[in-house]
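Before any comments, here is the structure.
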Amino acid sequence: MLILPDKLPRVGTTIFTVMSKLATDVGALNLSQGFPNFPTDPLLLELVTKAMRNGHNQYAPMAGVPALREALAQKTADCYGISYDPETEITVTSGATEAIYAAITAVVQPNKPTPDEVIVFEPAYDSYVPAIELNGGKPVFVTLAPPEYAIDWQVVANKITDKTRLIIVNTPYNPTGRVWTADDVEQLARLVQNRTIFVVADEVYEHITFDGRVHHSLMQHPVLFDRTFVISSFGKTFHTTGWKIGYCLAPKTLTAAFRKVHQFLTFSVSTPMQYALAEYLQQPDPYRNLSAFYQQKRDLFLQAISGSRLRFTPAEGTFFQCVSYADLTNESDYDLALRLTNEIGVAAIPVSVFYDQKNDYNILRFCFAKDDETLLRAGQRLSQFLVH
(Lines give C-alpha, C1' and ligand atoms only; values in the text may rest on other atoms or scores of the structure.)
Protein backbone atom coordinates (compact mmCIF):
# COMPACT_ATOMS: atom_id res chain seq x y z
CA MET A 1 0.00 0.00 0.00
CA LEU A 2 1.39 3.38 -0.99
CA ILE A 3 1.61 5.94 1.80
CA LEU A 4 1.41 9.58 0.79
CA PRO A 5 3.49 11.92 2.97
CA ASP A 6 1.25 14.44 4.70
CA LYS A 7 2.45 18.01 4.22
CA LEU A 8 -0.23 19.33 6.60
CA PRO A 9 -0.49 16.70 9.35
CA ARG A 10 -2.39 19.02 11.71
CA VAL A 11 -4.97 20.06 9.14
CA GLY A 12 -8.27 18.30 8.57
CA THR A 13 -11.44 19.32 6.76
CA THR A 14 -12.12 23.03 7.24
CA ILE A 15 -14.68 24.03 9.84
CA PHE A 16 -16.65 25.83 7.12
CA THR A 17 -17.12 22.58 5.22
CA VAL A 18 -18.02 20.70 8.40
CA MET A 19 -20.62 23.16 9.63
CA SER A 20 -22.17 23.92 6.23
CA LYS A 21 -22.54 20.21 5.51
CA LEU A 22 -24.14 19.62 8.91
CA ALA A 23 -26.48 22.58 8.37
CA THR A 24 -27.53 21.13 5.02
CA ASP A 25 -27.95 17.62 6.44
CA VAL A 26 -30.26 18.74 9.26
CA GLY A 27 -31.94 21.65 7.45
CA ALA A 28 -30.50 24.30 9.77
CA LEU A 29 -30.25 28.04 9.17
CA ASN A 30 -26.64 28.42 8.06
CA LEU A 31 -25.10 31.37 9.90
CA SER A 32 -21.73 29.62 9.92
CA GLN A 33 -20.06 30.01 6.53
CA GLY A 34 -19.65 33.57 5.28
CA PHE A 35 -21.84 33.81 2.22
CA PRO A 36 -25.04 35.77 1.53
CA ASN A 37 -28.31 33.92 0.99
CA PHE A 38 -29.88 36.81 -0.91
CA PRO A 39 -29.65 37.55 -4.65
CA THR A 40 -26.88 39.28 -6.54
CA ASP A 41 -27.80 42.51 -8.29
CA PRO A 42 -29.68 41.49 -11.49
CA LEU A 43 -27.75 44.16 -13.41
CA LEU A 44 -24.46 42.40 -12.65
CA LEU A 45 -25.91 39.10 -13.84
CA GLU A 46 -27.09 40.76 -17.04
CA LEU A 47 -23.59 42.13 -17.61
CA VAL A 48 -22.15 38.60 -17.37
CA THR A 49 -24.65 37.37 -19.96
CA LYS A 50 -23.81 40.34 -22.15
CA ALA A 51 -20.08 39.53 -21.94
CA MET A 52 -20.72 35.90 -22.86
CA ARG A 53 -22.85 36.87 -25.84
CA ASN A 54 -20.16 39.30 -26.95
CA GLY A 55 -17.74 36.39 -27.23
CA HIS A 56 -15.66 36.85 -24.07
CA ASN A 57 -15.48 33.14 -23.34
CA GLN A 58 -11.82 32.20 -23.80
CA TYR A 59 -8.81 32.56 -21.52
CA ALA A 60 -8.34 35.97 -19.99
CA PRO A 61 -4.85 37.48 -19.83
CA MET A 62 -2.86 36.02 -16.93
CA ALA A 63 -2.87 39.30 -15.00
CA GLY A 64 -6.56 39.94 -15.64
CA VAL A 65 -8.70 41.63 -18.26
CA PRO A 66 -7.22 45.11 -18.90
CA ALA A 67 -10.61 46.81 -18.55
CA LEU A 68 -11.03 45.36 -15.05
CA ARG A 69 -7.53 46.28 -13.94
CA GLU A 70 -8.10 49.81 -15.20
CA ALA A 71 -11.42 50.00 -13.34
CA LEU A 72 -9.71 48.78 -10.17
CA ALA A 73 -7.00 51.41 -10.52
CA GLN A 74 -9.66 54.10 -10.80
CA LYS A 75 -11.66 52.73 -7.85
CA THR A 76 -8.54 52.57 -5.68
CA ALA A 77 -7.62 56.14 -6.54
CA ASP A 78 -11.16 57.30 -5.79
CA CYS A 79 -11.42 55.44 -2.47
CA TYR A 80 -7.91 55.83 -1.08
CA GLY A 81 -6.10 58.45 -3.15
CA ILE A 82 -3.45 55.91 -4.15
CA SER A 83 -2.34 55.17 -7.71
CA TYR A 84 -1.48 51.66 -8.92
CA ASP A 85 -0.39 50.98 -12.48
CA PRO A 86 -3.03 48.62 -13.95
CA GLU A 87 -0.44 47.06 -16.23
CA THR A 88 2.25 46.22 -13.67
CA GLU A 89 0.71 46.54 -10.18
CA ILE A 90 -2.78 44.99 -10.26
CA THR A 91 -3.50 41.26 -10.65
CA VAL A 92 -6.91 39.57 -10.80
CA THR A 93 -6.96 36.26 -8.92
CA SER A 94 -9.16 33.25 -8.31
CA GLY A 95 -10.53 34.66 -5.09
CA ALA A 96 -8.69 36.30 -2.22
CA THR A 97 -7.54 32.92 -0.90
CA GLU A 98 -5.47 32.32 -4.04
CA ALA A 99 -4.04 35.83 -3.77
CA ILE A 100 -3.05 35.25 -0.15
CA TYR A 101 -1.35 31.97 -1.08
CA ALA A 102 0.49 33.53 -4.02
CA ALA A 103 1.71 36.46 -1.92
CA ILE A 104 2.95 34.19 0.88
CA THR A 105 4.66 31.93 -1.67
CA ALA A 106 6.34 34.91 -3.31
CA VAL A 107 7.79 36.10 0.00
CA VAL A 108 8.56 33.04 2.12
CA GLN A 109 11.76 31.36 0.98
CA PRO A 110 12.26 27.61 1.59
CA ASN A 111 15.52 25.68 1.91
CA LYS A 112 17.12 28.00 4.43
CA PRO A 113 19.09 26.82 7.49
CA THR A 114 16.27 28.27 9.59
CA PRO A 115 12.74 28.88 8.26
CA ASP A 116 11.39 32.32 7.47
CA GLU A 117 9.04 33.46 10.21
CA VAL A 118 5.58 34.92 9.54
CA ILE A 119 3.72 36.82 12.24
CA VAL A 120 0.04 35.90 12.39
CA PHE A 121 -2.58 37.60 14.55
CA GLU A 122 -4.97 35.01 15.95
CA PRO A 123 -7.81 34.13 15.84
CA ALA A 124 -6.82 33.91 12.18
CA TYR A 125 -8.60 33.05 8.96
CA ASP A 126 -7.78 29.41 8.44
CA SER A 127 -5.91 29.63 5.12
CA TYR A 128 -2.99 31.64 6.47
CA VAL A 129 -1.10 29.03 8.46
CA PRO A 130 -1.36 26.17 5.92
CA ALA A 131 -0.04 28.49 3.21
CA ILE A 132 2.89 29.46 5.42
CA GLU A 133 3.72 25.86 6.29
CA LEU A 134 3.39 24.57 2.73
CA ASN A 135 6.01 27.14 1.75
CA GLY A 136 8.45 26.09 4.47
CA GLY A 137 7.76 29.03 6.75
CA LYS A 138 7.13 29.13 10.48
CA PRO A 139 4.03 30.88 11.83
CA VAL A 140 4.63 33.04 14.91
CA PHE A 141 1.40 33.83 16.71
CA VAL A 142 0.23 37.01 18.41
CA THR A 143 -2.80 35.90 20.39
CA LEU A 144 -5.69 38.34 20.80
CA ALA A 145 -8.44 37.80 23.35
CA PRO A 146 -12.10 38.84 23.52
CA PRO A 147 -13.97 41.04 23.84
CA GLU A 148 -11.71 43.83 22.48
CA TYR A 149 -9.21 41.72 20.47
CA ALA A 150 -6.89 44.71 20.89
CA ILE A 151 -3.27 44.43 19.75
CA ASP A 152 -0.48 44.91 22.29
CA TRP A 153 2.17 46.30 19.99
CA GLN A 154 4.95 45.63 22.47
CA VAL A 155 4.09 41.94 22.23
CA VAL A 156 4.32 42.19 18.45
CA ALA A 157 7.70 43.93 18.72
CA ASN A 158 8.95 41.15 20.99
CA LYS A 159 7.96 38.54 18.38
CA ILE A 160 10.06 40.12 15.62
CA THR A 161 13.46 38.52 15.03
CA ASP A 162 16.06 38.59 12.29
CA LYS A 163 14.14 35.67 10.74
CA THR A 164 10.84 37.59 10.47
CA ARG A 165 10.01 37.82 6.79
CA LEU A 166 6.30 38.64 6.68
CA ILE A 167 3.40 39.93 8.78
CA ILE A 168 -0.20 39.08 7.85
CA VAL A 169 -2.83 41.71 8.60
CA ASN A 170 -6.60 41.35 8.34
CA THR A 171 -8.76 44.45 8.63
CA PRO A 172 -11.72 44.56 8.92
CA TYR A 173 -10.94 41.42 10.88
CA ASN A 174 -12.56 38.01 10.34
CA PRO A 175 -13.60 36.39 12.68
CA THR A 176 -13.55 39.12 15.37
CA GLY A 177 -15.29 41.95 13.53
CA ARG A 178 -12.64 44.44 14.72
CA VAL A 179 -11.46 47.29 12.49
CA TRP A 180 -7.88 48.53 12.72
CA THR A 181 -7.41 52.12 13.84
CA ALA A 182 -5.05 54.65 12.29
CA ASP A 183 -2.81 54.10 15.31
CA ASP A 184 -2.65 50.36 14.61
CA VAL A 185 -1.42 51.12 11.09
CA GLU A 186 1.14 53.59 12.42
CA GLN A 187 2.41 51.12 15.02
CA LEU A 188 2.90 48.47 12.35
CA ALA A 189 4.76 50.94 10.14
CA ARG A 190 7.14 51.81 12.97
CA LEU A 191 7.94 48.15 13.56
CA VAL A 192 8.76 47.28 9.95
CA GLN A 193 10.51 50.51 9.00
CA ASN A 194 14.20 49.88 8.32
CA ARG A 195 13.60 46.11 8.36
CA THR A 196 13.29 43.66 5.48
CA ILE A 197 9.76 42.64 6.43
CA PHE A 198 6.88 42.39 3.98
CA VAL A 199 3.15 42.62 4.70
CA VAL A 200 0.10 40.79 3.35
CA ALA A 201 -2.98 42.93 4.00
CA ASP A 202 -6.19 40.92 3.75
CA GLU A 203 -8.74 43.71 3.24
CA VAL A 204 -11.63 41.79 1.69
CA TYR A 205 -14.17 43.50 3.99
CA GLU A 206 -12.85 46.97 3.12
CA HIS A 207 -16.32 48.36 2.38
CA ILE A 208 -18.05 46.93 5.46
CA THR A 209 -17.42 49.13 8.51
CA PHE A 210 -19.95 50.35 11.05
CA ASP A 211 -20.89 53.25 13.29
CA GLY A 212 -18.92 55.80 11.30
CA ARG A 213 -15.64 53.91 11.34
CA VAL A 214 -13.20 54.32 8.46
CA HIS A 215 -11.23 51.52 6.82
CA HIS A 216 -7.54 52.44 6.98
CA SER A 217 -5.97 50.60 4.09
CA LEU A 218 -2.31 49.80 4.57
CA MET A 219 -1.59 51.11 1.08
CA GLN A 220 -2.18 54.63 2.41
CA HIS A 221 0.87 54.62 4.68
CA PRO A 222 4.05 55.54 2.81
CA VAL A 223 6.22 53.13 4.80
CA LEU A 224 3.82 50.24 4.23
CA PHE A 225 2.96 50.90 0.59
CA ASP A 226 6.33 49.73 -0.73
CA ARG A 227 6.24 46.39 1.09
CA THR A 228 2.56 45.43 1.13
CA PHE A 229 0.39 43.10 -0.95
CA VAL A 230 -3.13 44.52 -0.53
CA ILE A 231 -5.73 41.84 -1.24
CA SER A 232 -9.46 42.23 -1.70
CA SER A 233 -12.45 40.38 -3.13
CA PHE A 234 -15.47 41.06 -5.29
CA GLY A 235 -17.27 38.20 -3.59
CA LYS A 236 -17.63 40.04 -0.29
CA THR A 237 -18.42 43.39 -1.90
CA PHE A 238 -20.94 42.34 -4.55
CA HIS A 239 -22.50 39.24 -2.90
CA THR A 240 -20.84 36.88 -5.40
CA THR A 241 -18.70 34.59 -3.23
CA GLY A 242 -19.26 31.69 -5.63
CA TRP A 243 -17.55 33.53 -8.46
CA LYS A 244 -14.22 33.39 -6.58
CA ILE A 245 -12.74 36.57 -8.04
CA GLY A 246 -10.31 38.63 -6.01
CA TYR A 247 -7.34 40.83 -6.74
CA CYS A 248 -3.94 41.92 -5.45
CA LEU A 249 -2.54 45.44 -5.47
CA ALA A 250 1.21 45.74 -4.97
CA PRO A 251 4.19 47.75 -6.20
CA LYS A 252 5.78 46.65 -9.46
CA THR A 253 8.61 44.55 -7.99
CA LEU A 254 6.27 42.74 -5.60
CA THR A 255 3.71 42.17 -8.35
CA ALA A 256 6.35 40.64 -10.62
CA ALA A 257 7.17 38.04 -7.94
CA PHE A 258 3.47 37.55 -7.19
CA ARG A 259 2.59 36.89 -10.83
CA LYS A 260 5.31 34.27 -11.19
CA VAL A 261 3.37 32.22 -8.63
CA HIS A 262 -0.13 33.18 -9.79
CA GLN A 263 0.52 32.01 -13.36
CA PHE A 264 1.10 28.45 -12.13
CA LEU A 265 -1.75 28.38 -9.61
CA THR A 266 -4.72 29.37 -11.76
CA PHE A 267 -3.14 31.32 -14.63
CA SER A 268 -6.33 33.25 -15.34
CA VAL A 269 -9.82 33.94 -14.01
CA SER A 270 -13.32 33.67 -15.53
CA THR A 271 -13.32 36.01 -18.52
CA PRO A 272 -16.99 37.05 -18.87
CA MET A 273 -17.25 37.79 -15.16
CA GLN A 274 -14.21 40.05 -15.35
CA TYR A 275 -15.77 42.06 -18.18
CA ALA A 276 -19.02 42.30 -16.22
CA LEU A 277 -17.25 43.52 -13.08
CA ALA A 278 -15.26 46.08 -15.07
CA GLU A 279 -18.49 47.63 -16.34
CA TYR A 280 -20.28 47.29 -13.00
CA LEU A 281 -17.50 49.19 -11.21
CA GLN A 282 -18.35 52.30 -13.20
CA GLN A 283 -21.20 52.81 -10.72
CA PRO A 284 -19.80 53.20 -7.16
CA ASP A 285 -23.10 53.11 -5.26
CA PRO A 286 -23.07 49.33 -4.64
CA TYR A 287 -19.87 49.49 -2.59
CA ARG A 288 -20.42 52.96 -1.15
CA ASN A 289 -23.75 51.85 0.33
CA LEU A 290 -22.48 48.51 1.64
CA SER A 291 -21.66 49.61 5.19
CA ALA A 292 -25.17 50.95 5.79
CA PHE A 293 -26.68 47.82 4.24
CA TYR A 294 -24.78 45.46 6.54
CA GLN A 295 -25.07 47.67 9.63
CA GLN A 296 -28.83 47.30 9.35
CA LYS A 297 -28.42 43.53 9.25
CA ARG A 298 -26.01 43.51 12.20
CA ASP A 299 -28.43 45.59 14.25
CA LEU A 300 -31.39 43.40 13.28
CA PHE A 301 -29.56 40.25 14.35
CA LEU A 302 -28.38 41.76 17.64
CA GLN A 303 -31.90 42.97 18.41
CA ALA A 304 -33.22 39.49 17.64
CA ILE A 305 -30.88 37.88 20.20
CA SER A 306 -31.23 40.63 22.80
CA GLY A 307 -33.66 38.51 24.81
CA SER A 308 -31.08 35.77 25.33
CA ARG A 309 -28.19 35.70 27.81
CA LEU A 310 -25.63 35.89 25.05
CA ARG A 311 -23.13 38.72 25.55
CA PHE A 312 -21.61 40.68 22.70
CA THR A 313 -19.82 43.80 21.61
CA PRO A 314 -21.32 44.93 18.29
CA ALA A 315 -19.01 44.11 15.39
CA GLU A 316 -17.06 47.10 14.08
CA GLY A 317 -16.93 45.68 10.56
CA THR A 318 -17.21 42.54 8.35
CA PHE A 319 -20.47 40.59 8.24
CA PHE A 320 -19.70 38.49 11.32
CA GLN A 321 -20.77 38.87 14.92
CA CYS A 322 -18.99 37.13 17.80
CA VAL A 323 -21.06 36.31 20.87
CA SER A 324 -20.12 34.93 24.29
CA TYR A 325 -22.18 32.18 25.90
CA ALA A 326 -20.01 32.01 29.05
CA ASP A 327 -23.00 32.85 31.28
CA LEU A 328 -24.94 29.86 29.97
CA THR A 329 -22.80 26.74 29.82
CA ASN A 330 -19.26 25.47 30.25
CA GLU A 331 -19.34 23.19 27.22
CA SER A 332 -16.78 23.75 24.50
CA ASP A 333 -17.58 26.12 21.68
CA TYR A 334 -17.21 23.27 19.20
CA ASP A 335 -19.69 21.07 21.08
CA LEU A 336 -22.16 23.91 21.48
CA ALA A 337 -21.94 24.77 17.77
CA LEU A 338 -22.82 21.19 16.91
CA ARG A 339 -25.63 21.11 19.48
CA LEU A 340 -27.21 24.34 18.27
CA THR A 341 -27.16 23.08 14.70
CA ASN A 342 -28.71 19.74 15.59
CA GLU A 343 -31.19 20.82 18.26
CA ILE A 344 -32.52 24.22 17.16
CA GLY A 345 -31.35 24.41 13.56
CA VAL A 346 -28.92 27.35 13.75
CA ALA A 347 -25.34 26.81 12.59
CA ALA A 348 -22.42 28.92 13.87
CA ILE A 349 -18.63 28.67 13.87
CA PRO A 350 -16.70 27.91 17.09
CA VAL A 351 -14.00 30.58 17.31
CA SER A 352 -11.49 28.23 18.96
CA VAL A 353 -10.76 26.71 15.53
CA PHE A 354 -9.09 29.98 14.52
CA TYR A 355 -6.44 29.66 17.26
CA ASP A 356 -3.30 27.55 16.94
CA GLN A 357 -3.80 26.01 20.39
CA LYS A 358 -7.60 25.97 20.02
CA ASN A 359 -8.07 28.58 22.77
CA ASP A 360 -11.69 28.32 23.90
CA TYR A 361 -13.12 31.60 25.20
CA ASN A 362 -16.74 30.38 24.89
CA ILE A 363 -17.27 32.43 21.74
CA LEU A 364 -19.34 31.60 18.65
CA ARG A 365 -19.23 33.48 15.35
CA PHE A 366 -22.45 34.13 13.43
CA CYS A 367 -22.67 35.41 9.85
CA PHE A 368 -25.38 38.05 9.38
CA ALA A 369 -25.03 38.26 5.59
CA LYS A 370 -28.49 36.74 5.35
CA ASP A 371 -31.95 37.95 4.44
CA ASP A 372 -33.94 39.55 7.24
CA GLU A 373 -36.30 36.60 7.64
CA THR A 374 -33.40 34.23 8.24
CA LEU A 375 -31.84 36.57 10.83
CA LEU A 376 -35.12 36.99 12.69
CA ARG A 377 -35.82 33.24 12.70
CA ALA A 378 -32.30 32.49 13.91
CA GLY A 379 -32.56 35.12 16.61
CA GLN A 380 -35.87 33.75 17.83
CA ARG A 381 -34.51 30.21 18.04
CA LEU A 382 -31.35 31.32 19.83
CA SER A 383 -33.30 33.45 22.29
CA GLN A 384 -35.67 30.61 23.16
CA PHE A 385 -32.87 28.08 23.50
CA LEU A 386 -30.27 30.21 25.28
CA VAL A 387 -32.46 32.09 27.72
CA HIS A 388 -31.81 29.98 30.86
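The aromatic rings of Y80 and H207 lie parallel to each other, with less than 30° between the two planes, well short of the 60° mark. Aromatic ring pairs are classed by plane angle as parallel below 30°, tilted from 30° to 60° and perpendicular above 60°; the pair F16 and F354 is tilted. Aromatic ring orientation, Y205 versus F319: perpendicular (interplanar angle above 60°, classes split at 30° and 60°).
Dense packing is recorded around CG of D78, with more than 12 heavy atoms of other residues, nucleotides or ligands lying under 6.0 Å away. Counting non-hydrogen atoms of other residues, nucleotides and ligands closer than 6.0 Å to NZ of K75 gives a total above 12. The local environment of CD in Q109 is crowded, with over 12 non-hydrogen atoms from other residues, nucleotides or ligands closer than 6.0 Å. Under a cut-off of 6.0 angstrom, the local environment of NZ in K260 is sparse, with at most 12 non-hydrogen atoms contributed by other residues, nucleotides or ligands. Y84 OH: more than 12 foreign heavy atoms inside a 6.0 Å radius.
Between K252 and D226, no side-chain nitrogen of the basic residue sits less than 4.0 Å from a carboxylate oxygen of the acidic one, so the salt-bridge criterion is not met. Salt bridge status for R259 with E87: absent, with no side-chain N to carboxylate O gap under 4.0 Å. Ion pairing between R10 and E133 holds under the 4.0 Å rule for side-chain N and carboxylate O. Salt-bridge check for D25 with K21: passed, with a basic side-chain N closer than 4.0 Å to an acidic carboxylate O. Note on K50 versus E46: no salt bridge recorded, every NZ/NE/NH1/NH2 to OD/OE distance being 4.0 Å or above.
Looking at V129, V199, I132 one by one, the single match for side-chain contact (heavy atoms from CB on, under 4.5 Å) with I168 turns out to be I132. F301 pairs with exactly one of F368, F366, F320 by the ring pair (Phe, Tyr, Trp, His ring centres under 6.0 Å) rule, that one being F366.
Side-chain N/O atoms of T181 and D183 include no donor and acceptor closer than 3.5 Å. Looking at N37 and T374, their side chains do bring a donor and an acceptor atom within 3.5 Å of each other.
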